[in-house]
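Chain letters run A, B, ... following the sequence lines, proteins first and then strands; every chain starts at 1. Just so you know, these numbers come straight off a predicted model, no measurement behind them.
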Amino acid sequence: MKDLLKEIIVKALLTMTIVKKPEDIIIEVPKCRDNGDYSSNICMQLAAECKMNPRDIAYKLIEFITDDHVAKVCVKGPGFLNFYLNKQFLLKNLHNILISGDNYGRNSLGLGQKVNLEYVSGNPTGTLHIGHARGASYGDSLANILKFCGYDVTREYYINDSGNQIDNLEKSIKIRYLNICGDRLTMPNDGYHGKEIIKVASDIFTKYGYDASDDVFKKWGLKYLLDEIKNDLNNYGVSYDVWTSEKDLYQNGLVDQTLNLLIENKYTYKKDSALFLKTSDFGDSKDRVLVKSDGNNTYLLPDIAYHRDKYNRGFDRLVDVFGADHHGYIARLKASMTMLNLDANKLDVKILQMVRLLQDGEEIKLSKRTGKTLTMNDLVTEVGLDATRYFFAMRSLDSQMDFDLSLATKKSNENPFYYVGYAHARINSIIGDKSIVLKDDYVTLEGEKILNIMFKLYQFEDVVKLSANNMAPHIVTNYVYELATLFHSFYAKEKVLTDDLLATKERINLIKAVGIVIKNSLRLIGVKAPNKM
RNA sequence: GUCCUAGUAGCUCAGCUGGAUAGAGCACCGCCCUUCUAAGGCGGGAGUCGGGAGUUCGAAUCUCUCCUGGGACACCA
C-alpha cells in the first residue's frame, strides 16, 4: 500500500509540474489513527524547494489525488497529508486473507535474488549453547522472512573441522580417555572441559577398551559432536540447505588456490618468516597473518577461501551472522574480498550482541573452558521451544540481552509468546468446527475495534517487507503482539457468536483472518500457533 | 588508546530511512467472569529519551563532543 500511495503522490505532483521519484516520498503509519491510516510529510519537504507554505501545497495537491483505495485525504497540522483507506478495500483484503491462507503476506520484494545466509556455524568442539540459540533463532527467522519475500535463500553452516582447535579437541578427548583408563592427567586450561568430551571418550573406551589407536580420537570426536549439533539444531526447528566443511576446502584445493591468488595480486608479504596480508590497504586497522611462521595457516585463510567460494556460487548477496566477539573480523574479511576483485558490498555481516545469563539477578559467568554453560537444549527443555524462539526473535539483534534463568524456568507469562498464543487459541476455540463461508460483500463489520483490526491485518505485507529490508525479525513479533492486543480488546468488548446469523458469520470470518495472520507471523519466526492453551 | 555496540518509566525493552500528545510488558493502585478461554479487558500514577553543543520549520531519531555499561583489538578460532 505504501508503494501505491507513493505512486499516487508522484502522479499528483506531476500535475503541479513537480518531478519526484517514488523513493523520495515517505509514507508512514501515524501513531494515532485520528491522523489517517497513512500519512506523508511530502509537502513540508517541498516547502523550501517551492518557496510555498506547506499547507498551501497540500491543499493544492489533494485536488489531484483520486484513487479507489483512498476514501479521503486531509490536510492536518503543519502540512501532513493524511490518507484514509476505503473501507471496501479493507473488506476486500479480508476476503483475500481467507483465500490466501498460509500465503497471505507472501510477496515478491526479493525478485528471486539469490541470498546466502550463514548462521550459527559453531565449532564442532562442543555442544551448542545459549549464544548459538540466539544466532539460530535470528538466522532461521530471517531466512523464513526473506523467502516469504521472494528471495531465493540458501541456509548454510560452515564447519570448522580443521586447524588448531580440532587438534586441541583431539588432545582433550585423549586426556579424558586416558583418565578413564586410569591415568591421572589433568585437562589443561585451554582444553575442552565440556561433559560431551567425557562422553566421547567413554564411547571410545566402550568400543576399543584400552587399545584405542591414536587416529580414532579426532574422528570420533568430530563425528559425535557434529551429529549432536545437527540433532540439537533439528530439535530447535532449524535446518540447513548446505553444510560446508573447512577440511573439504583444503581437499578441493580451494585454500591453496585462494592463497596463490592473493600472492599473485601482490597483496602479501613476508615478515618474520610469516606471510602477511595487506588488509590495512582496505580499511583494516592492521595487516593480518595468513601463514604462521611455523607453516600453519591461520583461521583467516580458509575463511577467505570459503567466502570466495560462496561468491563463486553466484549469490547476489551474502549474509554472515557472527557473535559480538568476532566483530573485529569484518574489516579483514571485506578487505580480503576486495583483494580478490569481489564486491565487498555484497557481503553483509550481522553482529549479535552477547547473551548474559542471570540467576536471581546475579550474572553467571559462562565459559566453554570450564564446561559451565547453558546449552541450547537446556533452554528448550526448561523454557519450551516456542517460548524460547519467540523470546529471542522479539529482541533486536544489537541489544545485549539478559536471560534470567529463574524467570525462564517458571514458564513465566512475562514471555509475550503466551499472550499472542492465547489470542490464537481463543480464536480457535470460538470458531471450533464452524465452517468458514467465503463472501464477497460484508455489511455488518463496522465500529472502531473492527476497523482497527482490519487495518492491522492489511499492514501485514508491509511489515514483512520492512522486516526483510532491515533484516530484523523482531519487527514481525512487535506487529503480531499489537495484532493480538487489538483482538483481545475486541473480544472483551464484543461477542462473535450471537443470534444475528449474518453478523456471526461475518465476525467468524474476521477472527479467522486474525488467526491466519497470527499463524503466519509466528511461522516466520519458527513458532507454532497453539490451538489450545 | 583504537574500533564495534548500547544508554528511553522502578525493571526488561520497542520506537531511530527526522514529524503530530515518546509507547508496551512486568511491578504498583483501582475496577470487570450468571455471557464465545480472566494466560484476558478497562482505567490510574510513573519520563531532564545519559550530559552538552550543532543541523532543521521540526531531533529520542542526523552530526560533533563528553560520560557510563558490554564486547573486540593474537603468528586463537
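When every heavy atom of A:S141 is checked against every heavy atom of A:R389, the shortest pair comes out as OG-NH2, 3.7 Å.
With sequence neighbours excluded, the residues that form a side-chain hydrogen bond (donor to acceptor under 3.5 Å, both in side chains) with A:D309 are A:R313. Listed by chain and residue number, A:R317 satisfy the salt bridge (Lys or Arg N to Asp or Glu O under 4.0 Å) test with A:D348 (two or more places apart in sequence, or in another chain). With sequence neighbours excluded, the residues satisfying side-chain hydrogen bond (donor to acceptor under 3.5 Å, both in side chains) with A:T498 are A:T504. With sequence neighbours excluded, the residues that form a salt bridge (Lys or Arg N to Asp or Glu O under 4.0 Å) with A:E494 are A:R507. Partners of A:D462 by side-chain hydrogen bond (donor to acceptor under 3.5 Å, both in side chains), not counting sequence neighbours: none found. Taking A:E506 as the reference, A:K439 meet the salt bridge (Lys or Arg N to Asp or Glu O under 4.0 Å) condition, with sequence neighbours excluded. Residues forming a side-chain hydrogen bond (donor to acceptor under 3.5 Å, both in side chains) with A:K449 (at least two apart in sequence, or on another chain): A:S489.
Salt bridge A:K310/A:D320: present, at least one basic N to carboxylate O contact under 4.0 Å. Between A:E461 and A:K465, at least one side-chain nitrogen of the basic residue sits less than 4.0 Å from a carboxylate oxygen of the acidic one, meeting the salt-bridge criterion.
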What does the list of N/O pairs under 3.5 Å between the protein and nucleotides 18-21 of chain B look like, with a distance for each?
from	atom 1	to	atom 2	distance (Å)
B:G19	N7	A:N41	ND2	2.6
B:A20	OP2	A:K31	NZ	2.9
B:A20	N6	A:S39	OG	3.1
B:A20	N6	A:N82	OD1	3.0
B:A20	N1	A:N82	OD1	3.2
B:A20	N1	A:N82	ND2	3.3

Below 3.5 Å between N/O atoms, which protein atoms pair up with nucleotides 1-4 of chain B? Just atom names and distances, please.
from	atom 1	to	atom 2	distance (Å)
B:C3	O2	A:H327	NE2	3.3
B:C4	O4'	A:H327	NE2	3.3

Listed pairs, N/O of protein and of nucleotides 28-34 of chain B, under 3.5 Å:
none

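One can place NZ of A:K532 at 19 Å from C1' of B:G40, the figure rounded to the nearest angstrom.
Each of A:F490 and A:M394 was assigned the nucleotide of RNA chain B with the nearest heavy atom; the assignment lying further toward the 5' end belongs to A:M394. Both A:G328 and A:T298 lie close to RNA chain B; mapped to their nearest nucleotides by heavy-atom distance, the more 5′-ward contact belongs to A:G328.
A tilted orientation is assigned to the rings of A:Y299 and A:Y329, their planes being inclined by 30° to 60°.
The cationic atom of A:R426 (NZ for Lys, CZ for Arg) does not lie both less than 6.0 Å from the six-membered ring centre of A:F487 and within 45° of the ring axis. Judged by the 6.0 Å and 45° rule, A:K271 forms a cation-pi pair with A:F276.
Between B:U17 and B:G7, the distance separating the two C1' atoms is 22 Å to the nearest Å. When the C1' atom is used for both B:A27 and B:G44, the distance is 14 Å, rounded to whole Å.
A donor atom on one side chain and an acceptor atom on the other are found under 3.5 Å apart for A:T244 and A:E156. Residues A:Q459 and A:Y38 bring no donor and acceptor atom of their side chains to less than 3.5 Å of each other.
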RNA chain B in dot-bracket form (Watson-Crick or G-U pairs under 3.5 Å, [ ] crossing, | inter-strand) is ((((((((.[[[[.)...(...]]]].(((((.......))))).....[[[[[..)....]]]]])))))))....

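Of the residues in residues 476-484 of chain A, those placing a heavy atom less than 4.0 Å from an atom of RNA chain B are A:N478, A:Y481, in numerical order.
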